[in-house]
Amino acid sequence: MTMIEAIRDAHVVAMERDGKVVVFGEDVGYFGGVFRCTQGLQEGFGKDRCFDSPINEAGIVGTAIGMATYGLRPCVEIQFADYVYPAYDQIVSEAARIRHRSAGDFTCPITIRMPTGGGIFGGQTHSQSPEALFTHVSGLKVVVPSNPYDAKGLLIAAIEDDNPVVFLEPKRLYNGPFDGHHDRPVTPWSKHPLGEVPAGHYTVPLGKAVVRREGSAVTVLAYGTMVYVAEAAAQESGIDAEVIDLRTLHPLDLDTIVASVKKTGRCVIVHEATLTSGFGAELAALVQEHCFYHLEAPIRRIAGWDTPYPHAQEWTYFPGPARLAAALVEVMES
Amino acid sequence: MADTVPLRLNVPEPEVRPGGKPDFSRVSIPKAGSVDRPPVDVAPEAIRDMAWSIIRVMNRKGEAVGPWAGTLTPEETLSGLRDMMRVRAFDKRMLMAQRQGKTSFYMQCLGEEAIACAFRKAMSDGDMNFPTYRQQGLLIAGGYPMVDMMNQIFSNTKDPIKGRQLPVMYSSKAHGFFTISGNLATQFVQAVGWAMASAISRDTRIAAAWIGDGSTAESDFHAGLVFASTYKAPVVLNIVNNQWAISTFQGIARGGSGTFAARGHGFGIPSLRVDGNDYLAVHAVAKWAIERARSNLGPVLIEYVTYRAAAHSTSDDPSAYRPKEESDAWPLGDPVERLKNHLVAIGAWSPERHAQAEAEIDAEVLAAQKQAEANGTLHSGPKASPRDIFEDVYDVMPPNLRRQRQEAGF
């Protein structure tokens, strides 16, 4: 099953189990979404459970908040993460704070899905990774799946969660896995172990990371598309790196990170988003605070350059296996 | 091109600034009783003129006249007068409490009491308001305990929202009062979503959105209108036009729209304009709009024409931007005085009974204040617990907050 099919299946499972789950957004109704993640939902559940919205992200999130405070459980799609900014106030000042500011009188269980990241020649308005804008906000949970199995289980968990969840779907991984190289054929999800998605209901708990590759030399903290870059870099550099797929950025599974770094004594962080004030800065600070006396080398961050996301130069911008492998070598030598 | 003249920017200005003579001649006021009352299922395009008029019920003699009159019995009307008097007395005492340093901030609704008080009486249990900071009348007219409002204002140990919010940012789901944000206009589109949820759930409840004239310029207002229009959401969209957004006169937000009610026309939303200082007119229009929304006929937009008689908040001094006498010159009068005069005119009230009611209400408010102050004020007595700031960020406290709470010493 592809990640798109897994996300679609998660919707079906969540909507079948709970009549309060409603799904809407731009092009998500009749057409089923520009990436087809909601295909068939309107037909299957009716127009008042899945419908098209006006092109107004503040309106999508604002009405979803109203619905959630009524008692529904909306799961809305922002067509690209790059389009979420008009809804930022509704997410940051409203969804994230309604429980706290009303002392639990009102709650806001919404899931805000959005395709994120690059690797599809989307240029600067279809490639951004804005996760740090959300991890900085208390009251939100932030999730980034890296494969179909997790995507389904995490999305069901997000919809069932009683807090607002920002759910960032790496669009490069939608239709097929990624081995870190854009110019080589890859194993399709249908032949990939993490493309095996069970039918029916299951969840992957929010706030739990997973070790994707066990290793002893250095810990690589990654999420989304970068998990595959990390695996490729480990293999190509020959360095026995332990690759941790964070899966949920907030709440963060610090225990898994700390246990690994204490074991390896080294840490490299990789993300697609721009470097400065990126989520890697938070990770580096936490590793320093919790593992300082176990560190044998400075923590390194490999990230997107601090520029707007380019079009033709995409694969120069994208932090690929070669950059990460060089960092691994450097960290091992220091 | 030789005949091209340079462009010029248009920056609207109010007619008068401090030192000038107040002038409301631009406010065209139709006679009480002169605006038709259409059936609630009227087509929006058939009543476009209502966005340009003002529905009024009470005439200068205090008589209730015309097709919008008669929605309330004299007893209900008297109860409405008492609600407004309570709001006014409450505001007065809380303003004083702020001046005495018992809280950080306060916002009155002086001159606008009729709007929230009368609207609330047209609603049913289970309906939900998405208010701004100037709809305390919804709570008081809805029977919410004044002492709980004061507990919130004082951020004390009995504050229902545990000292987390600025004074007057109340929240009461049980009383149909959505948690106030303080960020302007965000609630407007949320109300539409709540109403959509009611329709999705095949419920019978309706929502009421509230916004001020200035905040209609926000994108969320327009988002609210388009979603309400598209999905025919059961929501009443209330614009309280009190002429001033802090120091900015209403013309800056209104632009070329003529009236705020006319904003609804582009969305096919029936849009009414009502005398906001006329309790009976507000009630009648609210009842009409709520009945329409509850009948699955979609949203209604209402502009309440009123005047913010006091400062925006305790942090504001309006003499810096408008004439001091402007409030007295406001042609729609004072809502409390007008309803009192009506009740006297119909023989249901007298100046003596009014004075007696004022004294009773003052005593009621004072008693509530004493009770609230026993729970502490912002700067003295018991306090909201600092430990509580870490609660309710999530349903279950995540590890980072547990660590921080420990670090903070709680």
Side-chain angles (χ1 to χ4, degrees), chain A residues 19-20 22 24 46 48-49 51-72 74 86-87 89-90 92-110 138-141 161-164 206-207 250-255 286, chain B residues 128 130 159-162 164-165 169-174 177-183 185-203 205 207 209 218-220 222-224 226-231 233 235 388-389 391-396 398-401 403:
Chain A
K20 294 188 187 319
V22 294
F24 62 102
D48 54 6
R49 299 279 307 279
F51 51 89
D52 291 320
S53 78
I55 302 173
N56 188 315
E57 289 77 15
I60 292 167
V61 176
T63 52
I65 291 168
M67 289 178 195
T69 63
Y70 174 93
L72 299 186
D89 186 36
Q90 286 285 350
V92 172
S93 311
E94 302 295 316
R97 297 195 207 143
I98 279 171
R99 178 191 297 275
H100 190 259
R101 80 179 195 218
S102 71
D105 194 21
F106 292 90
T107 59
C108 190
I110 63 173
S138 53
L140 301 177
K141 293 189 177 181
D161 197 274
D162 284 335
N163 305 284
L206 306 186
H250 194 84
L252 185 68
D253 184 356
L254 189 59
D255 292 346
L286 286 168
Chain B
M128 184 63 72
F130 286 75
D159 175 1
I161 51 176
K162 304 183 176 179
R164 291 174 189 159
Q165 281 248 67
M169 305 290 169
Y170 315 105
S171 172
S172 177
K173 193 178 198 174
F177 194 94
F178 187 69
T179 161
I180 296 177
S181 169
N183 270 24
T186 49
Q187 76 284 354
F188 207 75
V189 64
Q190 291 163 1
V192 175
W194 194 99
M196 288 169 68
S198 182
I200 289 168
S201 308
R202 306 281 191 272
D203 199 348
R205 297 187 281 165
E218 290 279 9
S219 300
D220 281 0
H222 298 85
V226 72
F227 276 71
S229 166
T230 298
Y231 302 108
V235 59
D388 263 339
I389 65 171
E391 302 286 343
D392 298 324
V393 183
Y394 297 88
D395 59 339
V396 177
N400 61 314
L401 283 177
R403 285 195 301 273

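Convention: sequence-line order gives letters A, B, ...; per-chain numbering from 1.
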query = Which answer fits A/D52, side chain, backbone, both or neither, if we ask what part of it has an atom under 4.5 Å from a heavy atom of chain B?
reply = backbone
Selection from A/D255, A/T63, A/I60 maximising heavy-atom pairs under 4.5 Å formed with chain B = A/T63
ask   = Listed by chain and number, what are the ring-ring contact (aromatic ring centres under 6.0 Å, His included) partners of B/F177, not counting sequence neighbours?
value = none
task = Identify which part of B/I180 has an atom lying under 4.5 Å from any heavy atom of chain A, answering side chain, backbone, both or neither.
result = backbone
request  = Taking the side chain as every heavy atom from C-beta outward, state whether A/R101 and B/I161 have any pair of such atoms under 4.5 Å apart.
outcome  = no
task = Tell me, for A/K20 versus chain B, whether the close heavy atoms (under 4.5 Å) come from the side chain, the backbone, both or neither.
result = neither
inquiry  = Working to the nearest 0.5 angstrom, can you tell me the gap between B/T179 OG1 and A/I98 CD1?
reply    = 6.5 Å
note = Bottom line for A/N163: the part with an atom under 4.5 Å from chain B's heavy atoms is side chain
ask   = Which heavy atom of B/S171 sits nearest a heavy atom of A/D105, and at what distance?
value = OG-OD2, 2.9 Å
request  = Using the test ring-ring contact (aromatic ring centres under 6.0 Å, His included), find all partners of B/Y170 that sit at least two apart in sequence or belong to another chain.
outcome  = none
request  = Enter the distance from B/Q190:CD to A/F106:CZ here, rounded to the nearest 0.5 Å.
outcome  = 10.5 Å
remark   = Distance col, row B/D395:CG vs A/R99:CZ, nearest 0.5 angstrom, shows 5.0 Å
query = Hey, is the main chain of A/S102 close enough, under 3.5 Å, to the side chain of B/Q165 for a donor-acceptor pair?
reply = no
ask   = Less than 4.5 Å apart, any side-chain heavy atom of A/T69 and any of B/M128?
value = no
ask   = What is the distance from atom CZ of A/R49 to atom CD1 of B/I200, rounded to the nearest 0.5 Å?
value = 9.5 Å
task = Let me know if B/T230 has heavy atoms under 4.5 Å from chain A in its side chain, its backbone, both or neither.
result = side chain
message = Counting only non-hydrogen atoms closer than 4.5 Å, does A/V61 touch chain B with its backbone (N, CA, C, O), its side chain (CB onward), both, or neither?
response = neither
query = Does a side-chain heavy-atom distance below 4.5 Å link B/Y394 with A/K141?
reply = yes
Interatomic spacing from OG in B/S219 to CG in A/N56 - rounded to 0.5 Å = 7.5 Å
key: OG-CE distance between B/S201 and A/M67, expressed to the nearest 0.5 angstrom   = 9.5 Å
